[in-house]
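One structure is given below, encoded as structure tokens.
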Amino acid sequence: MTTTGKSRSGSEGGESGNDSDRYTPANIEKKWQAKWEADGIYEAADSVEGKENYFALTMFPYPSGELHMGHWYAYAPADTHARFKRMQGYNVMQPQGFDSFGLPAENAAIERGEDPREWTYKNIENSRRQFREMGAGYDWTRELSTSDPEYYKWNQYWFLKFYENGLAYRKHGQANWCPQDQTTLANEQVKDGACERCGTPVIKRALPQWYFAITKYADELLEMDQIDWPEKIKTMQRNWIGRSTGTTIGFDVSEFAPGEKIETFTTRIDTVYGVTFVVLAPEHPLVEKLTQPSHKAAVEEYIVHAGRQTEIDRTSTEREKTGVETGSYCINPLNGERVPVLVGDYVLATYGTGAVMGVPAHDTRDFVFAKKYGLEIRVVVAPPNWDGGELEEAWIPVGTQLNSGEFDGLSSTDGKEAIADKIESENIGTRTITYHLRDWLISRQRYWGTPIPIIYCDDCGTVPVPEQDLPVILPENVTFEADGKSPLAKHPDFMHVPCPDCGKDAKRETDTLDTFVCSSWYQLRFASKNPLEEPIDIEKVKQWMPVNQYMGGAEHAVMHLLYSRFFNKALRDLGYLDFDEPYTKLMNQGMLVKDHKKISKRSNPLTPDPVVERHGADTLRCYLMFLGPWDQGGDWSDSGINGIRRWLGRVWDVVLRDESGLNGSGGEKHLDRASHTTTKRVLADMEAFKFNTSISALMEFTTEVARRYDAGDVPAAIWRVAVDRLLLHVAPLAPHLAEELWERTGHTGSIHLELNPKFDESLITSDTITLAVQVQGKLRDQIEVAADIDKDAAIAAAKSSPNVARHLENMAIVKEIYVPGRLVNIVVRPA
RNA sequence: GGGGGAGUGGCGAAAUGGCAGACGCGCAUGCCUUAGGAGCAUGUGCCUUAAUCGGCGUGCGGGUUCGACUCCCGCCUUCCCCA
């Protein structure tokens, strides 16, 4: 079907005249977006008679400006899945909002003098518009932005509740400090020793900071049996929490520092008889006391040098391990030996006890260290069949205890327990559980965040802001300088307040909360529609939570997802929630790349708007889902999108055909089989997020429906039912197109409120089947046989094939295999 | 160094242990046409062939099996996470 009189330019949507006959996305998408919103078809009631609630949530975006193609890749398939669940009969609630506090807004202020508030809300507006253009079926009545006072007020509320219950505390300590962003960072935000946001190497800085006591929940956070999450994410969380069981043991140094011991932690107490030195972190408090005058100069120089290194440098396995002697010795409590105490920068003060026992024979790093400094390497866990010779490298696996006093001869597995027993019974140490997980550092020396509701009074100390004074409003008119102080600290009106307890002049806390606090509980706020003077609506939360399906990128595996689980458990223990986990099911989409490279604004840009303009939102949605399995990511190429556009054009064309003249017969079985097979495939694939194969199935079905029409071998009514089925399956994928065609083919009401078609297994099976026939496992023919054929008949039929017979000549049949409905395999050997 | 993915045509990819390459891109040939970034039809893994037949083929090397992209063992490459 071609139109005439088209101009050469603007062939996509600039046509006039016969537009109604052609698929022209621009003509229909805006119309339906407006109508859906006016009709409120995606607004979820908190309960619907006869329907189960289904909370579909996708990690909300940071409004950085434009939604880029990566956002589309995350949100469009997620929206399709939520639409699919709605058509499966669930009362679906799919909200959207904005995680709108954070550094980029503030950096825009510092770099370009833009007001962070204006910048942020302008971006939110823009993102909202783009979500609408995507055709996303969000319940906008639940929208929230975390930078709104009515949201962040409740961050402050939770902070106070945590504080009252010992879950929030302030501590002077070594914090991760990003010199570029001029702020502290949580451990989770340090990647490879650098700031995860800007890549600047992170240094340690002593500061008083606020923490959430997430480590109190370390053990419970390790329990993940009841959540249906990718094993990969669970593993990452387990590794991050990093529970290890071992033994803490003290090495006496009273000879040099009266009454003192060096506490060390080891998971390999079985090797304790092999200790030939002990290493302290340069920051260890005993270094000063233990350094002998003769070694003082060398140690001090070493410590200065170490202070200039980043943690990543210090712990890199590539780098040579260095150390320096203190001149002191300590006593191994197991064998009474006197071993040297060194300072080494590969030991970090912030992990474990800040000191390690050196067992060169059984630890890789200690081995290298001992070789370098000529320290003794004493084997105490003998490798199997060890000849007593020098080791080439440290022996890490299990072995037989040796040089270990009364424990000689035990396997090191048993030795570990026996030695730990002895240490505990003699009170020289204890079994200890340690975690890699640290408490969550939540203070940020930044402006664009939630003010921490604390006041410091000279007389009363740390005083929480009274609940009725919340929210502590983030002031306007602040000055931005990258000088490591929160702009709030330079805002006198904000800072100086009377003490809530005594009324004397006092100062506010000027740090703000880590923005991950905002995203730790937003799902509860989405579930609590229109809460008035409370953080969450407990009754509504019960109706919706936990989230049925959570979707988002795997980059949040150990930050957001862990914090959110912690929040849920903490709020449960504070009496707000009655469930343990926030997200029942988790799906991680993969990364969208272009030319195998990460998409980036500067070097590898990819924006959706031109594609939407040219092909429409439906085409882009479907194309992103057709690229490949969603969880494995996709590789964008411009050329492939035409295939999807053609398919949607074919759907348009076939659905709008006039079937009134159809009155043939004979093709009904074909059409039934195709219909029910398609439904079976699509229902299973959509449920499992396999959008790519769903679309393949629908492409094939589109061809079948057109073929039956062309063949004219089905009655009109039956053909039209198949077309409706096609549209219903297309609806979650290409919502505008399906809605337009649904209306044009005489239906009333939105297609998105319809239910998915069902399938009848008995209509899928056919009377005849094609059997593959193999000889020696190689395909030799394909034969058409009755579907219910038995083994003997199938084999007989196979042998009657001339091509098969040729391969059986002069052969003796060894075995005959029949796989019902699939194939025959004849195994032979030369006769 | 540890943990986890992934490796299949020119490209994106599909395949409960059972006909490898569905579906789509691209390409080729043809049709249509007011010549165009449109539409339709047919073909398209590689080698051989006029065509069949046949042979080869899922990163590499072994193994289990009547039968392996799929399961097992050992490598290689690559991506992500953690050190």
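To find a chain, count down the sequence lines: A is the first, B the second, and so on, and within it residues start at 1. Because only heavy atoms are used, hydrogens play no part in the values below, and waters and symmetry mates are left out as well, while side chains stay in. Everything numeric in this text was worked out from a predicted model, so none of it was measured.
- Nearer to the 5' terminus of RNA chain B, by closest-nucleotide assignment, is the contact made by Gly628(A) (compared with the other of Gly628(A) and Met236(A)).
- When distances run from any side-chain atom of Arg822(A) to the nucleotides rC66(B), rU16(B), rG26(B), the shortest one goes to rU16(B).
- Here rG12(B) is the nucleotide among rA83(B), rG3(B), rG12(B) with the atom lying nearest to any side-chain atom of Leu627(A).
- Rounded to whole Å, atom C1' of rC19(B) lies 15 Å from atom CD1 of Ile817(A).
- Counting heavy atoms from C-beta outward, Glu700(A) and Thr678(A) have side chains that stay 4.5 Å or more apart.
- Nearest-nucleotide positions on RNA chain B for Val827(A) and Arg681(A) put Arg681(A) closer to the 5' end.
- Side-chain contact between His729(A) and Thr679(A) is present, with heavy atoms from C-beta onward closer than 4.5 Å.
- Side-chain atoms of Asn803(A) lie closest to rC53(B) of the nucleotides rG24(B), rC82(B), rC53(B).
- The side chain of Lys232(A) lies closest to rG4(B), out of rA14(B), rA83(B), rG4(B).
- At a threshold of 4.0 angstrom between heavy atoms, the contacts of His807(A) are confined to the sugar-phosphate backbone, with no base atom among them.
- Using a 4.0 Å heavy-atom distance criterion, Leu823(A) is classed as a base contact.
- In terms of phosphate contacts, Arg780(A) brings a side-chain nitrogen or oxygen within less than 4.0 Å of OP1 or OP2 of rG54(B).
- Proximity of Lys815(A) to the phosphate of rC66(B): a side-chain N or O atom is located under 4.0 Å from OP1 or OP2.
- Contacts of Arg650(A) with the nucleic acid, taken as non-hydrogen atoms under 4.0 Å apart, involve only primed sugar atoms and P, OP1 or OP2.
- Side-chain proximity of Arg646(A) to rC25(B), rG67(B), rG12(B): nearest is rC25(B).
- Distances shorter than 4.0 Å separate none of the side-chain N or O atoms of Lys778(A) from OP1 or OP2 on rG54(B).
- Among rG26(B), rA14(B), rC19(B), the nucleotide with an atom closest to any side-chain atom of Asn642(A) is rG26(B).
- The Met699(A) side chain lies nearest to rG24(B) when the options are rG24(B), rA83(B), rC66(B).
- Base engagement by Gln774(A) is indicated by at least one non-hydrogen atom pair under 4.0 Å involving a base atom.
- Note on Ser637(A): nothing from the nucleic acid sits closer than 4.0 angstrom, heavy atoms only.
- Between Asn692(A) and rA14(B) there is a side-chain polar atom (N or O) within less than 4.0 angstrom of OP1 or OP2.
- Across all strands, Glu700(A) comes closer than 4.0 Å only to sugar-phosphate atoms, never to a base (heavy-atom distances).
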